[in-house]
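Written out below as structure tokens is the structure these notes cover.
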Amino acid sequence: MSEPLVSEPPSKSDPEVAVPPLRRRLALRRLARNPIGVAGFVVLALAVLAALLAPLLAPYPAAQVHFDAQFQIPGTVGYVLGTDDLGRDILSRILFGLQASLQVGVLAVAVALAVGVPLGLAAGYFRALDALISRFTDLMLAFPFLVLAVGLAAVRGASLGNAALAIGISQIPGMIRVVRSETLRLKNLDFVAASVVDGASDVWVLGRHILPNAISAVIVQATVAIPVAIIGEAILSFLGLGIQPPDPSLGTMLSDAQQYATRAPWAAVAPGLAIMLVALAFNLFGDALRDALDPRSSR
Amino acid sequence: MRTYLLNRLWQSALTLLLASIVVFLGVRALPGDPALAFAGEERDPESLAAIRARFGFDQPLLVQFWKFLTAALSGDLGDSTRTGIPVTSMIGSALPVTIQLSVFALLVAVLVGGATGVLAAVRRGRPAEWFANAVALIGLSVPNFWLGLIAIIYLAVGFGWFPASGFVPFTVDPVANLHHLVLPALVLGSGLAAVVMRQTRSAMLESLGADYIRTARAKGLSPRAVVGSHALRNSLVVVVTIVGLQLGALISGAVVTERIFALPGFGKMTVDAVFQRDYPVIQGVVLVTASAYVLINFLVDLAYSLIDPRIRVTGAAS
């Protein structure tokens, strides 16, 4: 964005050198100088830490009911964020819910990566496969993630794993598209052609030259896909198609809170803010990452 | 142009056929015997067999699929195993609600997102851009069903400005109809507005930096004419693309929004059908959604070639 100095891959003449490390170092330096990106990263790190350490940080087990302390308002001694209709501590439930959210986010993106990257590489590299994979993408796009999740929940039952699977499947087309267009671009560059002339096999060219150079775009796509998955999990659990009670999830907390929203609005506010904060941190970090990796793009 | 259209048409038809196979097989994979669900109290073998025969569950898969496909093409999606009402008429009464909601949400998204996107691009580096960017990022990060929940708590129940739930058909009372849809449309449109804003902004920045814009400025056109008729027109392709790409998100969002505001639309019908194991309804709903998706994307491609004649020549719409 602000950095006019761009180093081209220095090693075009030598087909054996795959990733120029200089470019990546420069990108990291640019990222570290972007205050918004750093802020996103810090919030993200804190959220991940809080989720991982939930068993230590949470004042109570997530499902522990306190019938003597129902509907405590936020700020009550012992219940910083208040309690719900069963007297369960909202802070504790958010911490454990965050754990589930991040789990779904990472699992979903892992599914999208595992299927999307190979298919994207194949579609971009082998002309014959492009049309076939495009039809496959069209087909997947015809089933919105919620419809997919509805079907999956009906066939295999509602659970964290199935929610992650449905969200992951819905993110495959986006991943294919990104990897495909990167592959198309890289395929025509001189150093790839040189490698082909040199007698390298398709697998070698894809794995050694194209994938390492496409990885930046893949990382950015993954970073923006995670918050979408986190919000997706909340939606599914809210509808009763995701994580099942009594397991804590930010989505089920909101669906419970809707029942007594006028009595205890705080129970509806806090989990939503938690989702928003984490998604925002991911999006900020993803934007900064994109700017750092490709300083010429203006988003 | 003609071969391009025919090509797209054939691709869409193929996608639709594949989608119908997926739907058909997916529904067969559902656990739980629908005959049992329908029989209720009378679970003796004869009545179960009669139910299976009536809905065709006892025939070979291929026969069932052929019957399903030919019936679907003639507008017959079977009867609900729950209520016995034809699925087509259930969809017929639920779909208008969802379409109205989605169209309003789209309007919100395009008007708000488009305007702020143009603003952010024109006022690059000024507070207006920062503000627009921040709002868009928050819009992307807020789960919109939560926004709906908060809107109900504070705007509907708290201040009483809007009805908290329910629906009045437009033909019965247009004013009440619109009043009921304001909050749902804003909620559903907000996330999409953020996407439209970001894409419009980057498309506008790109066109504003192009040579023909410099030419237009140099020949003395007013800034308004340059932005309005030159840059904006070329950024319109992006907005249309987004609408096509985000359609799935819009449909998914409509399901949740309807659930929160208790709108008797398509989404509520879908979720209810899953919980009630109502095979024909699930099948019909998913099929209609997939068809709508394919059809609208075909129309989006048509719109492309109207807006940008270059696409007609190359045929590369993606």
Side-chain angles (χ1 to χ4, degrees), chain A residues 131 134-136 138-139 141-158 170 173-174 177 181 224 227-228 230-232 234-236 238-241 250-251 254-255 257-258 261-262 265 268-269 271-273 275-284 287 297-299, chain B residues 11-12 14-16 18-19 22-23 26-27 29-32 124 137-138 140-147 149-150 152-154 157-158 191 198 201-202 205-206 209 245 247-256 259-260 267 270-271 273-275 277 282 285-286 289-291 293-294 297 318:
Chain A
S134 294
R135 287 290 75 70
F136 177 66
D138 280 356
L139 182 63
L141 281 172
F143 297 97
F145 100 90
L146 219 125
V147 172
L148 207 71
V150 160
L152 217 57
V155 176
R156 297 166 40 110
S170 72
R177 195 167 291 173
S181 71
V224 294
V228 175
I230 288 176
I231 294 179
I235 291 176
L236 291 182
F238 180 82
L239 291 174
L241 299 169
L250 299 173
L254 288 173
S255 125
Q258 194 185 10
T262 43
V269 173
L273 281 179
I275 300 174
M276 188 183 105
L277 204 64
V278 173
L280 189 62
F282 266 108
N283 282 326
L284 286 175
D287 277 0
S297 88
S298 55
R299 272 214 284 293
Chain B
Q11 284 173 359
S12 302
L14 187 65
T15 308
L16 265 183
L18 290 174
V22 171
V23 171
V27 170
L30 286 173
R124 187 152 203 214
L137 258 176
I138 293 173
L140 272 190
S141 310
V142 174
N144 56 9
F145 71 100
W146 176 66
L147 214 58
L149 208 60
I150 300 298
I152 289 179
I153 295 175
Y154 293 103
V157 178
R198 282 163 67 102
R201 173 180 165 273
S202 68
L205 282 178
E206 199 167 304
L245 282 176
L247 199 67
L250 191 68
I251 295 171
S252 299
V255 173
V256 200
R259 173 81 160 213
I260 290 176
T270 311
V271 179
V274 172
F275 287 128
R277 298 205 183 297
I282 301 175
V285 158
V286 177
T289 315
S291 314
Y293 189 90
V294 173
N297 266 294
S318 50

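Below, read A as the first sequence line, B as the second, and so on, with proteins coming before strands; counting in each chain starts at 1.
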Self-check item: Options A/Leu273, A/Leu277, A/Val278, ranked by heavy-atom pairs under 4.5 Å with chain B, top entry
Solution: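 Greatest number of close heavy-atom pairs with chain B: A/Leu273.
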Exercise. Heavy atoms only, distances under 4.5 angstrom: which of A/Ile275, A/Leu280, A/Val224 has the most pairs with chain B? Name it, please.
Key: A/Leu280
Self-check item: When B/Ala19, B/Ser252, B/Pro143 are compared by non-hydrogen pairs under 4.5 Å with chain A, the top option
Solution: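 Most heavy-atom pairs under 4.5 Å with chain A: B/Ser252.
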Self-check item: Contact winner vs chain A - B/Leu250, B/Thr289, B/Val271, heavy-atom pairs under 4.5 Å
Solution: B/Thr289
Self-check item: N/O donor-acceptor pair under 3.5 Å between B/Trp146 side chain and A/Ala268 backbone
Solution: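 Confirmed, B/Trp146 side chain pairs with A/Ala268 backbone.
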Proximity breakdown for [X] and chain A, heavy-atom pairs closer than 4.5 Å:
{"X": "B/Leu14", "result": "side chain"}
{"X": "B/Val294", "result": "side chain"}
{"X": "B/Val285", "result": "neither"}
{"X": "B/Ile260", "result": "both"}
{"X": "B/Ile251", "result": "side chain"}
{"X": "B/Leu140", "result": "both"}

Do [X] and [Y] come close enough that some side-chain heavy atom pair is under 4.5 Å?
{"X": "A/Pro265", "Y": "B/Tyr154", "result": "yes"}
{"X": "A/Leu239", "Y": "B/Phe145", "result": "no"}
{"X": "B/Val23", "Y": "A/Phe143", "result": "yes"}
{"X": "B/Leu137", "Y": "A/Asp287", "result": "yes"}

Exercise. Using side chain to side chain contact (heavy atoms under 4.5 Å, CB included) as the criterion, list what pairs up with B/Ser291, not counting sequence neighbours.
Key: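 Applying side chain to side chain contact (heavy atoms under 4.5 Å, CB included) to B/Ser291 gives B/Leu16, B/Leu287.
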Self-check item: With B/Ser141 via side chain to side chain donor-acceptor pair (under 3.5 Å) - residues at least two apart
Solution: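 Scan of B/Ser141 (side chain to side chain donor-acceptor pair (under 3.5 Å), adjacent residues dropped) gives A/Asn283.
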